[in-house]
Amino acid sequence: MTAFGRVSALESNMFRTAILESMQHREKALFGNYAFQTAVFMDPRFSFHGSNLFSSSQKERIVLCDYLLAVYNKLTNKSQTSHQDPSPLPANEGVPSTSQGKFSLNCYLSSRLGESSATIPKSNTLEIRLRNLQYQQRVDADIQDFSIVHYWAQKRFEDSEMWKLARVVFGAAATQCTVERDFSQFNIVLTKPRNRLKDQNLENVLKIRANKGMIQEALCAALQE
């Protein structure tokens, strides 16, 4: 979105039209993906009261009924093996944008999606709470250190069902690139000389190879416990 907004502002650039057409084609392909639509719908920078990113029928049919509730039903139907959640993540403060004089993603989104705010009606059922996401308070898109995962992690004790759902929604890859990389790692690890590697050991090795950037953070968290 940031790139989209920056290119849109380059009115005198001879490549602007061609680049925007390419971006629009890519955006159309992404929004044809249920997982991508759901992730955007749960992100308060893009989906808020007054945003016209999704039509009412899209919110009802595609995002709410056909995906989110179905995902949660699959989660609750899995084995009841419980696991302890990790330590609470640091909170992201809703500080105002400091990008004065620079490109503002928040302003660009306002011009494209609209701008408004509303009080979310109180409710109890998960379905109604999912519907009420379209009325959620908007978050400034120019906050540099905003993390959507941390945003939902802060609500984990307030609404554990939504947090459980958010972990799946924002854990889904927008493209198949990461999946292809994981398959490549699988072929590297499980070779003919190592074909007797136990399933659990194979899974552990693949987790480490696929998440190298998180090892240091995980070790620090483990040592603090």
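What's counted below: heavy atoms across the whole structure, side chains too, no hydrogens, waters or symmetry copies.
- Shortest non-hydrogen contact noted between F54 and Q37 is CZ-O, 3.6 Å.
- Side-chain contact between L68 and V71 is absent, with no heavy-atom pair separated by less than 4.5 Å.
- Counting only residues at least two apart or in different chains, side-chain hydrogen bond (donor to acceptor under 3.5 Å, both in side chains) contacts with residues 186-201 comprise Q200-N204.
- Side-chain atoms of S160 never come within 3.5 Å of backbone atoms of F157 as a donor-acceptor pair (strictly under, hydrogens ignored).
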Working for side chain to side chain contact (heavy atoms under 4.5 Å, CB included), residues M162 and W152: CA-CA 8 Å; M162 291 288 278; W152 282 106; 3.8 Å; yes
Side chain to side chain contact (heavy atoms under 4.5 Å, CB included) between F146 and I148, intermediate numbers included: CA-CA 7 Å; F146 177 80; I148 187 61; 4.2 Å; yes
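- For the pair I188/R209, a side-chain contact is recorded, criterion being any heavy-atom separation below 4.5 Å from C-beta on.
- Note: F41 CZ to L53 CG = 10.0 Å, rounded to the nearest 0.5 Å.
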Without placing hydrogens or testing angles, list every side-chain donor-acceptor pair under 3.5 Å for residues 5-19, not counting sequence neighbours.
unit_1, atom_1, unit_2, atom_2, d
S8, OG, F4, O, 2.7
N13, OD1, F15, N, 2.8
R16, NE, S8, O, 3.1
R16, NH2, S8, O, 3.2

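- Looking only at side-chain heavy atoms (C-beta outward), K207 and E203 come within less than 4.5 Å of each other.
- For residues 37-51, the set of pairs meeting the salt bridge (Lys or Arg N to Asp or Glu O under 4.0 Å) definition, not counting sequence neighbours, comprises D43-R45.
- Using a 30° and 60° split on the angle between ring planes, F31 and F36 fall in the perpendicular class, above 60°.
- Judged purely by atom type and a 3.5 angstrom limit, T38 has no side-chain atom pairing as donor or acceptor with the backbone of V169.
- Atom CG of L126 is separated from atom CZ of R131 by 10.5 Å, given to the nearest 0.5 angstrom.
- Put simply, the side chain of Q134 never gets that close to the backbone of H49: no donor and acceptor are under 3.5 Å apart.
- In this structure, L202 shares a hydrophobic cluster with F186, V189, L190, L197, V205, L206, the cluster being traced through Ile, Leu, Val, Met, Phe, Trp and Tyr side chains under 4.5 angstrom apart.
- Residues that satisfy the side-chain hydrogen bond (donor to acceptor under 3.5 Å, both in side chains) test with S56, not counting sequence neighbours, are absent from this structure.
- Without hydrogens or angle criteria, E60 side chain to S57 main chain gives no donor-acceptor distance under 3.5 Å.
- Taking every heavy atom of both residues into account, W163 and V149 meet most closely at CZ3-O, 3.8 Å.
- Here the CG-NZ distance, from L133 to K59, works out to 10.5 Å after rounding to the nearest 0.5 Å.
- Annotation: side chain of R138 is not in contact with side chain of P44 (no heavy-atom distance under 4.5 Å).
- The structure places NZ of K74 at 12.5 Å from CG of L69, a figure rounded to the nearest 0.5 Å.
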Side chain to side chain contact (heavy atoms under 4.5 Å, CB included) evaluation trace for F170 with M42: CA-CA 9 Å; F170 294 105; M42 294 187 71; 3.7 Å; yes
From CA spacing to verdict: side chain to side chain contact (heavy atoms under 4.5 Å, CB included), I143, D140: CA-CA 6 Å; I143 298 176; D140 190 345; 3.8 Å; yes
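- Within the 4.5 Å cutoff, no side-chain heavy atoms of Y72 are placed close to those of V168.
- With sequence neighbours excluded, no residue forms a salt bridge (Lys or Arg N to Asp or Glu O under 4.0 Å) with K155.
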